[in-house]
Amino acid sequence: MTENVVPLHKTTNPPATDTAAVTRLTVVADAPPARPVPLWVRSGRAVRTAVTHERTTTAVRAVARHGLYTFNGGRIVARRAWDGRTGARYERMLRAAEAAGNYEVAQEWEERLQRFRDARHRRRMDLLHSPVDAAKGIAVGTGMGIGVLVALGIVMAINTGHAGDVITPLSATIDFIALLIRIVQVVWGPAVTIGPFLALLALWAVGRQQQAAPNWALPANVRNGEGEPITPSIVVKALRDLGVPALARAIKEMGDAGASMLGPIRIAGCGVEVDVTLPSGVSTIEVQNRRRKLAENLTRHEHEVFITLPTAARTVRLWIADSGALDEPIGPSPLVTDETMTADYAKGRAPWGQDLRGDAAALSLYQRHLLITGLSNQGKTAALRALALWLALDRTVEFRVADLKGAGDWAMFDGLATVLIQGPTDEHVVQATEMVEGGVAEMERRLQAPPGTAFPPLIVLVDEAQVAFMCPLADEDKRPYGGSKATSRYFMAARKIHNQGRAVNVLLWQGTQDPTDQNLPKLVREGAHTRASLALGTESQARMALGDKAVDGGAAPNLLRPGLDKGTVVVASDGIEIPAGQSSITVRTHYIDTEIATEVAERAKRLRDGVTTLRVIEHGEERDPLADIAAVFGDAPRLVTQDVLKRLTALNEDAYGRWTFTDLRRVLDGTGAEPYKSDGRMVVAHDRVTRALTNRDADGSASAD
């Protein structure tokens with residue numbers, strides 16, 4: 001019986017147990033046979049793979065690079081030889097000086113060129129006579145040499161008694177010359193063969209040293225340019241490619257002497273600094289507006305290049321950081337490392353940080369209102385607190401602090417400040433406003449004192465001041481606490497201190513976020529002598545923070561990197577040393593965390609007799625003057641009457657703001673704690689007041705009004 005064979009391309013009834021397998025077999029069998037790939041397609045793919053392979057491209061770049069090193073090295077050597085033999089170098093310098101409009105330098109280069117041509121003419125004239133002179137010299141020298149050798153032979157013959165020794169020196173000299181000729185004959189062949197290769201190697205070395213190859217052919221680490229040192233040619237190329245047509249044309253006319261625009265490249269901290277004198281027709285603002293492109297041309301990030309304007313006209317000063325240097329932290333504050341440090345309000349300077357050159361940046365706080373602003377979480381409070389901590393080491397300085405954030409950033413001033421308000425609510429704004437108004441009252445009292453009276457410094461400090469300006473509350477007379485109108489209590493108190501407080505050492509320090517005309521009125525921000533800004537969002541905010549003059553002079557806190565440049569401030573103040581011709585300086589402030597700040601504050605407290613800190617300002621309550629007098633002493637054994645009055649005013653402005661010495665004496669008379677004179681000053685003793693208070697309470701007597 002014949003066996004039935006079923007073709008694979010036809011369907012059959014497969015066993016129920018293998019349905020899926022047969023289905024797959026059927027689909028494959030019914031598919032048309034694959035067409036073979038043509039040989040030329042496979043060959044093309046292989047060629048493309050081989051050409052685009054990383055090893056191939058690396059090899060091609062290497063061959064091109066080293067070949068161009070040799071070729072361009074020859075060009076460089078030829079150019080150097082041509083410059084050495086001709087006046088081409090002087091002519092380039094002359095054209096560059098003329099293009100830059102520096103005609104005095106151009107005249108000097110023209111004189112140098114003329115001197116070079118005169119010297120070259122004399123050398124050429126000397127060459128006309130040199131063959132005859134050389135022939136005469138050779139003849140005379142040869143004759144003298146032979147005579148010396150014969151004389152030496154005669155001496156030898158007399159000594160030895162052999163007449164043949166007369167020609168021995170002459171014969172030895174001839175043999176030596178013959179030996180030299182044989183050596184040259186032996187070496188000449190290999191030298192002729194190897195010499196060209198040595199010459200090519202020398203040209204290759206010159207080209208490699210100058211990186212004389214296109215950028216695409218250079219190694220990856222060189223093409224990246226990260227951390228590439230700044231040289232005159234790099235700066236000139238960066239300026240040429242800046243996109244300023246007049247600048248590019250001027251550099252092109254200067255030829256290779258474009259570096260004549262540059263002053264010396266000086267090491268400045270963690271970078272370099274160079275002054276660039278721009279050619280005629282190029283404005284400094286055109287370079288300032290292209291900061292990012294200039295930084296990229298210099299293989300730097302935008303934040304690593306700063307452009308300022310020195311005193312010289314038509315000149316920009318470039319500070320170019322070492323790649324990545326600004327991301328490295330600076331050292332700790334001297335407040336932390338030197339536990340013996342003290343402060344001097346009048347003559348000292350607060351160690352705030354380092355400038356971009358790595359030099360210490362110190363700020364004078366003497367009779368200067370202060371404003372520091374920036375975006376949220378950029379280190380504003382830490383920068384402001386560092387100044388206050390240093391000044392707290394001067395025991396004569398009084399602080400009244402309002403922290404309208406209330407996160408505990410100023411908690412270490414408890415026991416150091418006479419007033420400490422911490423909290424973000426409207427009630428805290430009311431208290432802060434009355435604290436500033438208390439500063440106004442103290443200022444007015446000092447202004448009415450006899451001429452020549454010395455006043456200790458009083459720092460009225462408000463952190464997060466924008467909360468006060470934005471407060472919607474109004475008092476019982478419908479006067480708003482916030483705002484920027486003449487009826488605004490906080491605004492007017494700040495203006496009054498700005499207007500007259502400096503003369504009597506009553507100063508207002510404010511820290512604020514994200515400045516606008518609403519949360520930082522113009523009259524208040526312009527009343528600060530020292531204005532500092534951390535990173536901001538826009539140029540308009542930078543102008544609000546620092547003023548138009550600083551921004552027009554190159555200050556750009558809006559170009560700082562939020563989050564990455566924390567603690568970096570741009571400062572406009574006459575209290576800090578700013579390079580000549582600049583209107584601002586960039587400072588990387590020392591960071592002092594809250595724990596270390598507390599330790600510094602404890603050192604400041606130990607310098608003082610003890611300060612009673614009022615944390616909450618009470619309103620409309622009955623006061624016990626004798627008890628309040630006892631409370632303001634703190635740990636001090638005694639206080640001068642003026643300090644007692646001042647501390648009572650800080651304790652409650654409403655009750656004691658207008659007190660005089662007469663009011664104080666009225667309360668203490670008959671208690672046994674009357675003021676008395678010590679070292680020529682009227683003082684009040686703490687133990688006497690405490691004893692009087694104890695006796696009064698024991699007797700059940702009424703409190704004095």
Side-chain angles (χ1 to χ4, degrees), residues 96-102 105 228-254 257-323 325-326 355-357 359 539 542-543 546-560 570-572 577-587:
E98 290 177 345
N102 198 337
V105 176
E228 186 177 8
I230 299 300
T231 62
S233 61
I234 289 177
V235 177
V236 170
K237 290 178 182 177
L239 293 169
R240 182 194 62 194
D241 300 335
L242 201 55
V244 181
L247 181 59
R249 285 196 303 270
I251 293 176
K252 185 177 180 181
E253 292 175 0
M254 295 177 190
S260 61
M261 297 188 305
L262 309 183
I265 296 180
R266 304 176 296 271
I267 296 177
C270 57
V272 296
E273 185 179 72
V274 58
D275 287 352
V276 181
T277 302
L278 301 176
S280 178
V282 181
S283 171
T284 55
I285 193 64
E286 293 181 280
V287 178
Q288 286 182 299
N289 290 341
R290 291 170 171 80
R291 176 184 172 189
R292 174 177 294 181
K293 189 170 185 180
L294 178 62
E296 292 173 352
N297 290 348
L298 293 167
T299 64
R300 295 294 190 271
H301 298 290
E302 183 179 11
H303 71 277
E304 294 176 330
V305 174
F306 287 81
I307 305 173
T308 55
L309 303 180
T311 53
R314 214 174 67 225
T315 301
V316 293
R317 177 168 294 163
L318 308 181
W319 185 84
I320 308 162
D322 297 335
S323 184
L326 294 183
D355 62 15
L356 295 178
R357 295 163 182 80
D359 299 329
E539 182 180 329
R543 293 183 180 275
L546 300 177
D548 292 335
K549 179 180 179 181
V551 174
D552 292 338
N558 52 301
L559 297 181
L560 295 174
V570 182
V571 187
E577 186 176 350
I578 297 177
Q582 296 180 202
S583 57
S584 65
I585 187 172
T586 302
V587 177

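- Put simply, the side chain of P557 reaches to within 4.5 Å of the side chain of L546, judged on heavy atoms.
- Under the rule for a side-chain hydrogen bond (donor to acceptor under 3.5 Å, both in side chains), the partners of R543 that lie at least two apart in sequence or sit in another chain are E539, D548, D552.
- The salt bridge (Lys or Arg N to Asp or Glu O under 4.0 Å) check on E577 picks up nothing, with sequence neighbours excluded.
- Rounded to the nearest 0.5 Å, atoms CZ (R300) and CZ (R291) are 14.0 Å apart.
- You'll find the side chain of P232 reaches within 4.5 Å of the side chain of I265, heavy atoms only.
- Contact record, V287 with I307: O-CD1, 3.7 Å, taken as the closest heavy-atom pair.
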Return all side-chain donor-acceptor pairs below 3.5 angstrom for residues 233-245, not counting sequence neighbours, or 'none' if the list is empty.
unit_1: S233; atom_1: OG; unit_2: T231; atom_2: OG1; d: 3.2

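- Qualifying side-chain hydrogen bond (donor to acceptor under 3.5 Å, both in side chains) partners for N558, counting only residues two or more places apart in sequence or in other chains: none.
- Here the rule is side chain to side chain contact (heavy atoms under 4.5 Å, CB included) with M261, and of D275, T315, I251 only I251 fits it.
- Residues passing the side-chain hydrogen bond (donor to acceptor under 3.5 Å, both in side chains) test with T586: none are found, sequence neighbours excluded.
- Cation-pi geometry between R317 and F306 is not satisfied (NZ or CZ under 6.0 Å from the ring centre, within 45° of the ring normal).
- With hydrogens and angles disregarded, a donor-acceptor distance shorter than 3.5 Å links the side chain of R314 to the backbone of L278.
- Within the 3.5 Å criterion, the main-chain N or O of A268 finds a donor-acceptor partner in the side chain of W319.
- Within the 4.5 Å cutoff, the side chain of L298 has no heavy atoms near those of the E304 side chain.
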Inset, instruction - Let me see the working for I585 and V570 under side chain to side chain contact (heavy atoms under 4.5 Å, CB included), right down to the final yes or no. - result: CA-CA 6 Å; I585 187 172; V570 182; over 6 Å; no
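- The CG atom of L294 lies 6.0 Å from the CG atom of L318; values are rounded to the nearest 0.5 Å.
- Checked against side-chain contact (heavy atoms from CB on, under 4.5 Å), I285 has the following partners two or more places apart in sequence or in another chain: S283, Q288, N289.
- Applying the salt bridge (Lys or Arg N to Asp or Glu O under 4.0 Å) criterion to R292, with sequence neighbours excluded, gives E302.
- When side chains are defined from C-beta on, V274 does not count as touching P264, because their heavy atoms never get closer than 4.5 Å.
- For the salt bridge (Lys or Arg N to Asp or Glu O under 4.0 Å) test, residues two or more places apart in sequence or in another chain that qualify with E273 are R266, R357.
- Scored by the side-chain contact (heavy atoms from CB on, under 4.5 Å) test, A246 finds R249, V282 as partners (sequence neighbours excluded).
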